[in-house]
Colleague: 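This is the structure I want to talk about, given as structure tokens.
Just so you know, these numbers come straight off a predicted model, no measurement behind them. Per chain, numbering begins at 1; letters A, B, ... match sequence-line order.
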There are 2 protein chains.
Amino acid sequence: MKHLPHKTIERLSQYRRALLICLDKGQTHIYSHEIAKIQHITAVQVRRDLMLIGYTGTLRKGYNVKELIELIGEIIDSQEGINVSIIGMGNLGRALINYFSGKRSHLKIVASFDINPDKIGNTMSGVPCYSSDDMEKIIREKDIKLAIMTVPADFASQTADALVKAGIKGILNYTPKPVNVPKEVYLEEYDMITSLEKVAFYVKLNESAG
Amino acid sequence: MKHLPHKTIERLSQYRRALLICLDKGQTHIYSHEIAKIQHITAVQVRRDLMLIGYTGTLRKGYNVKELIELIGEIIDSQEGINVSIIGMGNLGRALINYFSGKRSHLKIVASFDINPDKIGNTMSGVPCYSSDDMEKIIREKDIKLAIMTVPADFASQTADALVKAGIKGILNYTPKPVNVPKEVYLEEYDMITSLEKVAFYVKLNESAG
DNA sequence: CTAACAATGTGAATTAATTAACAAAAAAAC
DNA sequence: GTTTTTTTGTTAATTAATTCACATTGTTAG
């Protein structure tokens, strides 16, 4: 397996989530078209993705749920687990902590940071909140590799700089401001306003068409 | 202009946001490579997108910031503005309301919904919170076209069904559960866990590559 | 005035992602 | 036991998105 397409990586993560639900329900096998239905994609797409990771199902029985979950884990997870931090304990930061808490996952949120003294020192869903001033120290101490940026837009740039300085390896930026990082730091940016405007655009298009 | 690529639509939204900031700073013109730098893409990409929407800049002066903002608006906005609702006033719902409040935008968040009696009747950043039981009624009354789903995963499916029944035209689903809607409803789904797992994967890849 | 430069605009080439088409084979139907 | 059905796996074709390469032309420098 050489280079998995970016889109395949995303889908593998999603397949796994769907598969875990199937597993909980006691389902042992699943067809490509069942996975496809859940994810709103085609069965060929699913089969191709699984082909790319070298998993083969059983003809007419489909794929073994448990095996597939494990294989996807081997591919996208890192063995040791990865420590994650959330920068900015506003509503979005809190949403993310709740979201992840209780999930069995190789990604562990081990710290959050804020500048608000009322928040510093608190613990939420088991995640302690530290002062942003101590960010570099704690990131190094706790061997935190990933950071999720949920600070206000005006702090985006300086936060990213501080994270890079602290030796972070990957950033997921949820602020609406694109940030700059050196190329050895993996950066993923997502902008909620863009998504909403996109939906609005296609709704408008549908209206004018139909 | 026939069919703008999906990716172009997303970028136009982002260009506009960047341009508005430039406008505020008093900048009247901007080069393709300046826009590109902000968005971490190439200048050719920017020029091609603008070509697709039929905007032409001035040689050696770049693009007129104000004009371009207006043109992008003409393309992606609908003239009358669009009413938006947020379903689920948890942390994520609140984050989104704050995010949008005070932004001059053709997208107006006019209602939010929740099942928690403590939240119903309150107003946040000018957005009233109604009971989910009244969803259909209020969506029709207020002519709400778009909904942002920020309910817990277990409510995803039933919420989507209710929205469709209420005649919603577009849904932005932030729950980790994919939902099904008829094809005349535009659906966009975003999953934070997938994004984080993707970052983790590429960090792992970078590590192992050296 | 002329040459060098710096920017846009775009056809052609490339790369990425998806879909079509179908062979293979196990299971079910008869 | 033969035929039909159903599902996987994969090559080839197609479509979508990006990048290359370069013509064009206003601007600046000399």
Side-chain angles (χ1 to χ4, degrees), chain A residues 1-15 19 22 27-65 67-68 71-72 75 178 183 188-189 194 198 201-202 205, chain B residues 1-15 19 22 27-65 67-68 71-72 75 178 183 188-189 194 198 201-202 205:
Chain A
M1 187 194 338
K2 12 166 252 239
H3 285 320
L4 293 171
H6 281 230
K7 289 289 175 71
T8 295
I9 298 298
E10 292 178 7
R11 283 191 298 261
L12 287 175
S13 161
Q14 284 159 3
Y15 297 162
L19 291 167
C22 295
Q27 191 177 349
T28 63
H29 287 76
I30 192 165
Y31 297 129
S32 60
H33 66 259
E34 292 177 299
I35 300 179
K37 183 98 185 287
I38 299 171
Q39 304 296 144
H40 313 131
I41 55 177
T42 65
V44 192
Q45 182 89 83
V46 174
R47 294 205 297 277
R48 169 153 308 263
D49 285 335
L50 300 191
M51 186 190 93
L52 290 174
I53 63 172
Y55 186 67
T56 73
T58 314
L59 200 44
R60 283 190 77 110
K61 276 190 77 179
Y63 303 93
N64 181 299
V65 174
E67 275 178 23
L68 188 46
L71 179 59
I72 293 176
I75 289 163
K183 65 176 185 317
E188 173 99 9
E189 309 201 295
T194 291
K198 188 179 169 192
F201 172 80
Y202 283 107
L205 206 65
Chain B
M1 190 191 341
K2 15 168 250 237
H3 284 320
L4 293 171
H6 280 228
K7 288 289 175 71
T8 294
I9 299 298
E10 292 178 8
R11 282 190 299 261
L12 287 175
S13 160
Q14 284 158 2
Y15 296 163
L19 290 168
C22 295
Q27 190 176 350
T28 63
H29 287 77
I30 192 165
Y31 298 128
S32 60
H33 66 259
E34 292 177 300
I35 301 179
K37 184 100 183 286
I38 299 170
Q39 303 298 142
H40 312 132
I41 55 177
T42 65
V44 192
Q45 182 88 82
V46 174
R47 293 205 298 275
R48 174 150 312 260
D49 285 335
L50 300 191
M51 185 189 95
L52 290 173
I53 64 172
Y55 187 66
T56 71
T58 314
L59 200 44
R60 283 191 81 109
K61 277 189 77 178
Y63 303 93
N64 181 299
V65 173
E67 275 178 24
L68 188 46
L71 179 59
I72 293 176
I75 290 163
K183 66 176 185 318
E188 172 98 10
E189 309 201 295
T194 291
K198 189 178 169 195
F201 172 79
Y202 284 107
L205 207 63

Colleague: Just how far, in rounded Å, is P of D/dA17 from CZ of B/Arg11?
Modeller: 9 Å

Colleague: With rounding to the nearest 0.5 Å, note down the distance linking CG in B/Asn64 to OG1 in B/Thr56.
Modeller: 11.0 Å

Colleague: Counting distance only, does the side-chain N/O of A/Glu34 pair as donor-acceptor with the main-chain N or O of A/Tyr31 below 3.5 Å?
Modeller: yes

Colleague: Out of D/dT18, D/dT7, C/dA7, which nucleotide sits closest to the side chain of B/His33?
Modeller: C/dA7

Colleague: In Å and rounded to the nearest 0.5 Å, what is the CG to CD1 distance from A/Leu205 to B/Ile9?
Modeller: 8.0 Å

Colleague: Closest-nucleotide mapping onto DNA chain C: is A/Thr58 or A/Gln45 further toward the 5' terminus? I mean the 5' end.
Modeller: A/Gln45

Colleague: Output the rounded distance in Å from OH (A/Tyr31) to C1' (D/dG9).
Modeller: 16 Å

Colleague: Can you check whether B/Arg11 reaches B/Gln39 side chain to side chain, under 4.5 Å on heavy atoms?
Modeller: no

Colleague: Choose from C/dA21, C/dA7, C/dA24 the nucleotide whose nearest atom is closest to any side-chain atom of B/Leu59.
Modeller: C/dA7

Colleague: Can you find a donor-acceptor pair, distance only, under 3.5 Å between B/Arg47 side chain and C/dT8 base?
Modeller: no

Colleague: How close or far is atom P of D/dT27 from atom CZ of B/Arg60, stated in whole angstroms?
Modeller: 8 Å

Colleague: Rounded to whole Å, please give me the gap between CG in A/Leu52 and P in C/dA17.
Modeller: 11 Å

Colleague: Once you round it to whole Å, what is the distance between P of C/dT18 and CG of A/Leu4?
Modeller: 13 Å

Colleague: Hey, does B/Thr56 reach any base, or is it just sugar-phosphate, or nothing, if we go heavy atoms under 4.0 Å?
Modeller: sugar-phosphate

Colleague: For the side chain of B/Met51, starting at C-beta, report the closest nucleotide among C/dC5, C/dT19, C/dT10.
Modeller: C/dT10

Colleague: Quick check: any donor-acceptor pair below 3.5 Å linking the side-chain of A/Arg48 to the base of D/dT11?
Modeller: yes

Colleague: Whole Å only: how far is the CD1 atom of B/Ile9 from the P atom of D/dA16?
Modeller: 14 Å

Colleague: Checking all strands, does A/Ser32 fall into the base, sugar-phosphate, or nothing category for heavy-atom contacts under 4.0 angstrom?
Modeller: sugar-phosphate

Colleague: Of the candidate nucleotides C/dT8, D/dG9, D/dT7, which contains the atom at the shortest distance from the side chain of B/Tyr63?
Modeller: C/dT8

Colleague: Is the shortest heavy-atom distance from the side chain of B/Glu10 to the side chain of A/Phe201 under 4.5 Å?
Modeller: no

Colleague: Can you tell me which nucleotide in D/dG26, C/dA28, C/dA20 comes closest to the side chain of A/Val44?
Modeller: C/dA20

Colleague: Expressed as a whole number of angstroms, how long is the span from A/Ile53:CD1 to D/dT10:P?
Modeller: 13 Å

Colleague: To the nearest Å, give me how far apart CG (B/Asp49) and C1' (D/dA17) are.
Modeller: 10 Å

